[in-house]
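The next block holds one structure in the form of structure tokens; read it before the comments.
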Amino acid sequence: MEIRVDKVFVGKAKPDMSTVAFGTYFTDHMFLMDYDPESGWHDARIVPYGPLQIYPSSTIIQYASEVFEGLKAYRTPDGEVQLFRPDENAKRMNNSAERMALPTMPVEMQIEAMKALVEVDKDWVPSGDGQSLYLRPYMFANDLDIALHPYKKVVYGIIACPVGSYFPGGLKPAPLMLEMDDVRAVRGGTGFAKCGGNYAGAMHAGKNADDKGYSQVLWIDGVERKYVEEAGGMNVMFKIDGKIVTPQLNGSVLPGITRKSAIELLKSQGWEVEERLVPVTELLEGIKSGAVEEAWMIGTAAVVCPIGEFAYDGESYIVNNGEIGETTQKLYDDLTAIQWGKAEDTFGWTVKVD
Ligand code: COI
């Protein structure tokens, strides 16, 4: 793929990484590419970071036809830069795109685009503890009429931002609120796709949880209203009776790449990992009896974040005395060691940007 590069001469000042909030400060450049059914994907370009020109009638504005991804570029101890499982993000992007009737893009092309942007903005990849360059690939329909029809114009882009810890408090156990009214997704819907609409529909419950002092909600399945699905912006895992348990991918749960990596890593370390239905009753009763030993959220942005409390029906259920558990901490340490190139990557997950 030929990529045109329009470089800025004088870049922006880099942010103070000790205070920059997640996703607020973007690099000098961004990647863009266009699609139409006649020409396919074309006009790959890296241009200065800036606004896109979008008409009010654009499909993205009127019908929210959008999917996105999230992955990180890490600075290794020897100063090199690597991506973590970009092929998985590219595959999931295509699965999401198919669900939203957007065109797919060859996995290799997506990885080339990610690498090219990181290469141009390489000096933006921070090297401090827990810091990385978060990449946000996205795709949206951009037709100019408001009629409903298969999309004719689509844009693919990547933006990048240097990030530290997702939660300002770092690895501090978070309080979650079980959401019993709003539903995030149902099977047959778009729950498994990483589309902006899922997050827009979740905002009402998220704001309610935030207003009440909770970090995020815990979504319950939309059909039977009985089973745990995922947290506000991440998957969830539990240590129950010495085993690792996580909600199965049933079509309404996001197939997280960090979730998948944790399962593979934990299994390789000899843990029994169960992907299955997790009834709310099992979780709450298990916390009371002590069977639920640890709970954590898991996703690209935050990696692993312990859960210290679940609120349900006016009652508070405290996990592990509200402290981070040993397994949660070890999983965080082991995963991040591979991501930052501090431990050998025996899985072949990391991809160097040269
Ligand atoms: C990620 O973990 O990359 C996510 O997509 C979460 C995000 C909505 C902040």
Side-chain angles (χ1 to χ4, degrees), residues 20-27 64 66-74 83-97 99-100 110 114 117-118 125 130-140 157-171 174 176 179 184-185 190-207 209-210 214-219 229-237 246-247 249 252-263 296-307 331-332 335-336 339-340 349:
V20 70
F22 180 88
T24 53
Y25 205 99
F26 295 88
T27 63
E66 189 260 3
V67 296
F68 69 93
E69 273 304 321
L71 74 158
K72 287 174 174 171
Y74 305 84
L83 300 172
F84 185 71
R85 310 193 82 174
D87 53 322
E88 290 291 334
N89 289 92
K91 283 189 247 168
R92 188 173 63 183
M93 178 72 130
N94 283 342
N95 291 338
S96 303
R99 177 62 185 82
M100 301 300 283
Q110 293 187 53
M114 295 170 198
L117 180 63
V118 174
V125 183
Q131 298 168 1
S132 56
L133 185 72
Y134 184 81
L135 303 184
R136 174 54 66 89
Y138 60 93
M139 190 194 292
F140 66 91
I158 310 175
I159 52 175
C161 45
V163 295
S165 177
Y166 182 74
F167 294 110
L171 261 191
L176 260 56
E179 176 54 55
R184 176 184 171 274
T190 57
F192 70 90
K194 204 161 173 65
C195 61
N198 285 346
Y199 294 80
M203 220 48 100
H204 174 255
K207 179 179 181 306
D210 189 75
Y214 294 97
S215 165
Q216 40 195 289
V217 297
L218 182 70
W219 291 109
E229 296 232 303
E230 60 183 79
M234 279 171 272
N235 296 112
V236 283
M237 286 188 176
T246 190
L249 301 179
S252 51
V253 171
L254 186 85
I257 292 156
T258 318
R259 171 191 181 278
K260 177 176 178 165
S261 308
I263 293 172
W296 63 87
M297 299 182 274
I298 185 153
T300 299
V303 195
V304 170
C305 175
I307 305 170
L331 179 61
Y332 175 85
L335 266 178
T336 53
Q339 291 171 328
W340 269 273
W349 286 339

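Heads up: numbering here begins at 1 and tracks the sequence. Each ligand, and each atom within it, is numbered from 1 in the order the structure gives.
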Any side-chain donor paired with an acceptor under 3.5 Å for Tyr138 and Arg136? no
Closest non-hydrogen atom pair, Pro247 against Arg259: O-NH2, 3.0 Å
For the backbone of Met93 and the side chain of Lys194, can you confirm whether one donor and one acceptor N or O come within less than 3.5 Å of each other? no
Check whether any side-chain N or O of Asn198 sits under 3.5 Å from a backbone N or O of Arg184 as a donor-acceptor pair, and report yes or no. no
At less than 4.0 angstrom from any non-hydrogen atom of Tyr134, what atoms of ligand 1 do you find? 1 (C), 3 (O), 4 (C), 5 (O)
Give a yes or no on whether the backbone of Gly70 and the side-chain of Asn89 come within a donor-acceptor separation of less than 3.5 Å. yes
Would you mind checking which non-hydrogen protein atom is closest to atom 8 (C) of ligand 1, with the distance to 0.1 Å? Tyr199 CE2, 3.6 Å
Numbering as shown, the atoms of ligand 1 that approach Gly233 to under 4.0 Å (heavy-atom distance): 6 (C)
Is there a side-chain contact between Lys72 and Val303, using heavy atoms and a 4.5 Å cut-off? yes
Quick one: look up the protein heavy atom nearest atom 7 (C) of ligand 1 and list residue, atom name and how far away it is. Arg136 NH2, 3.8 Å
Distance under 4.0 Å to a non-hydrogen atom of Ala301: what atoms of ligand 1 satisfy this? 1 (C), 2 (O), 3 (O)
In ligand 1, which numbered atoms sit nearer than 4.0 Å to a non-hydrogen atom of Lys194? 4 (C), 5 (O)
Are Met234 and ligand 1 in contact, using a heavy-atom cut-off of under 4.0 Å? no
